[in-house]
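Below is one structure, written out as structure tokens, with a few remarks after it.
Both counts, for ligands and for their atoms, begin at 1 and track the order of listing.
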Amino acid sequence: MKITVADNSGVCFGVRRAFSLLEEAVENAKKSGIKVSMLGPLIHNPRVIAQYAEKGVKVIDTGSITENSCVVIRSHGITKEERAQLDRFSGITLVDTTCPYVQRIHQLVEKRSSEGFAVLIMGDREHSEVRGITSKISGDFFVIHPSEFDSKSKELASFTADHAKIFAVAQTTSRPANYEYLLKKVRKTVAAMPGHRFLAAETICTATLKRQDSAGELAKKTDSMVVVGGKNSSNTSKLFQVVSEKNSNSFWVESPEDFTVSDIETLKRSGSVGITAGASTPDEQIAEMRSFLESLNG
Ligand code: SF4
């Protein structure tokens with residue numbers, strides 16, 4: 001079995017930065033003897049979060065913040081309301097790991113909504129990144145997920161007709177083809193409404209684009225594909241969508257223990273297996289997967 005790890009797999013710039021800020025916070029806290037907590041999981045990788053919990057760095061919500069502690073803000077960002085709750089504490093040390101790509105979207109929607117634009121967001125309304133983005137919008141907004149393009153097309157048409165100025169953004173981990181489809185659809189509707197304006201920003205992060213492109217290319221050339229990453233990770237989910245469209249033997253696991261007997265039989269029959277990993281999957285988890293697949297070679 002030939003094993004190939006896709007280019008641009010694993011930890012992205014934003015997650016590397018978040019890890020480094022968290023490690024620095026843990027070191028500083030050791031010296032000052034204060035507790036470090038994460039406000040929401042730092043990243044969407046349950047194994048990494050469990051490892052930090054073992055070291056005493058727990059995930060908390062705003063109701064569990066205590067004075068004289070260090071609170072680390074997750075890489076997906078927080079809502080305006082969560083920030084206001086944090087600001088009520090005078091004795092906490094704040095470490096903000098919000099990815100700069102996410103911060104940019106916050107700034108864009110804040111500015112455009114203050115200029116009177118209604119904001120159209122393509123993404124998952126339950127995801128912490130999208131909740132953070134919507135909290136920054138002062139006016140009206142509409143969130144649509146690609147899986148709702150058909151079921152919510154009437155609501156989208158009403159939103160478009162009801163607002164003379166619309167500004168669109170996409171969740172950083174979105175698939176470009178979906179965003180292009182949405183923008184094309186809205187542009188067509190707006191073109192038929194004189195006086196209406198439609199602006200859109202390119203907000204899908206480059207790390208996501210590169211991971212999806214490299215994984216898609218590798219999936220075309222291999223017999224099977226393994227995607228390593230948290231089941232709650234949005235970017236890993238998109239990677240899995242990309243590879244499974246190109247390779248019917250695609251598996252998404254957090255660790256080798258997640259493979260079923262039948263998955264392992266398929267992998268053993270494969271002459272070539274590709275590995276890709278989400279932006280929140282550390283190098284050790286990719287190496288672990290490679291070793292496991294090598295062990296199947298007998
Ligand atoms: S996937 Fe992109 S937006 Fe998300 S943390 Fe990484 S670099 Fe930032």
Side-chain angles (χ1 to χ4, degrees), residues 5-25 38-49 52 59 72-79 82 95-110 119 121-136 143 145-146 168-179 200-216 227-243 252 254 275-286:
V5 177
D7 292 336
N8 304 302
S9 292
V11 172
C12 62
F13 139 80
V15 170
R16 209 172 289 286
R17 177 177 169 273
F19 281 150
S20 144
L21 290 170
L22 175 60
E23 285 299 331
E24 196 182 312
M38 299 175 202
L39 185 59
L42 185 80
I43 56 167
H44 284 150
N45 184 316
R47 291 180 66 191
V48 172
I49 298 304
Y52 275 108
V59 175
V72 181
I73 295 174
R74 62 187 170 234
S75 57
H76 307 105
I78 55 172
T79 64
E82 286 171 313
V95 175
D96 189 354
T97 79
T98 309
C99 178
Y101 288 123
V102 177
Q103 284 176 12
R104 176 175 168 257
I105 305 182
H106 287 183
Q107 288 155 5
L108 286 170
V109 298
E110 242 175 338
V119 183
I121 302 139
M122 189 187 81
D124 174 359
R125 65 181 63 76
E126 299 305 325
H127 192 282
S128 45
E129 178 185 326
V130 174
R131 283 195 272 113
I133 294 167
T134 56
S135 77
K136 302 281 174 174
V143 183
H145 187 268
V169 293
Q171 189 175 346
T172 51
T173 49
S174 303
R175 294 185 64 182
N178 289 333
Y179 193 41
E202 291 301 331
T203 55
I204 301 175
C205 93
T206 48
T208 296
L209 296 173
K210 285 181 186 166
R211 269 158 192 69
Q212 291 179 9
D213 286 350
S214 302
V227 180
V228 189
K231 287 288 174 132
N232 55 349
S233 157
S234 172
N235 78 84
T236 313
S237 147
K238 306 296 182 332
L239 270 183
F240 181 66
Q241 281 174 27
V242 169
V243 301
W252 174 8
E254 290 183 358
I275 302 175
T276 186
S280 44
T281 305
D283 297 345
E284 307 84 80
Q285 292 182 12
I286 301 174

*State, with a plain yes or no, whether a side-chain heavy atom of Ser234 is found less than 4.5 Å away from one of Glu129.*
no

_Tell me every residue that passes salt bridge (Lys or Arg N to Asp or Glu O under 4.0 Å) with Arg211, counting only those two or more places apart in sequence or in another chain._
none

*asked:* If I only include protein atoms of type N, O or S, how many are less than 2.8 Å from atom 2 (Fe) of ligand 1?
replied: 1

*Is atom CD of Glu23 surrounded by more than 12 heavy atoms (other residues, nucleotides or ligands) closer than 6.0 Å?*
yes

*Just jot down the ring pair (Phe, Tyr, Trp, His ring centres under 6.0 Å) partners of His145, sequence neighbours excluded, or say none.*
none

*Mind checking what makes side chain to side chain donor-acceptor pair (under 3.5 Å) contact with Thr206, not counting sequence neighbours?*
Tyr101

*Short question: side chain of Asp7, backbone of Ser214 - any donor-acceptor pair under 3.5 Å?*
no

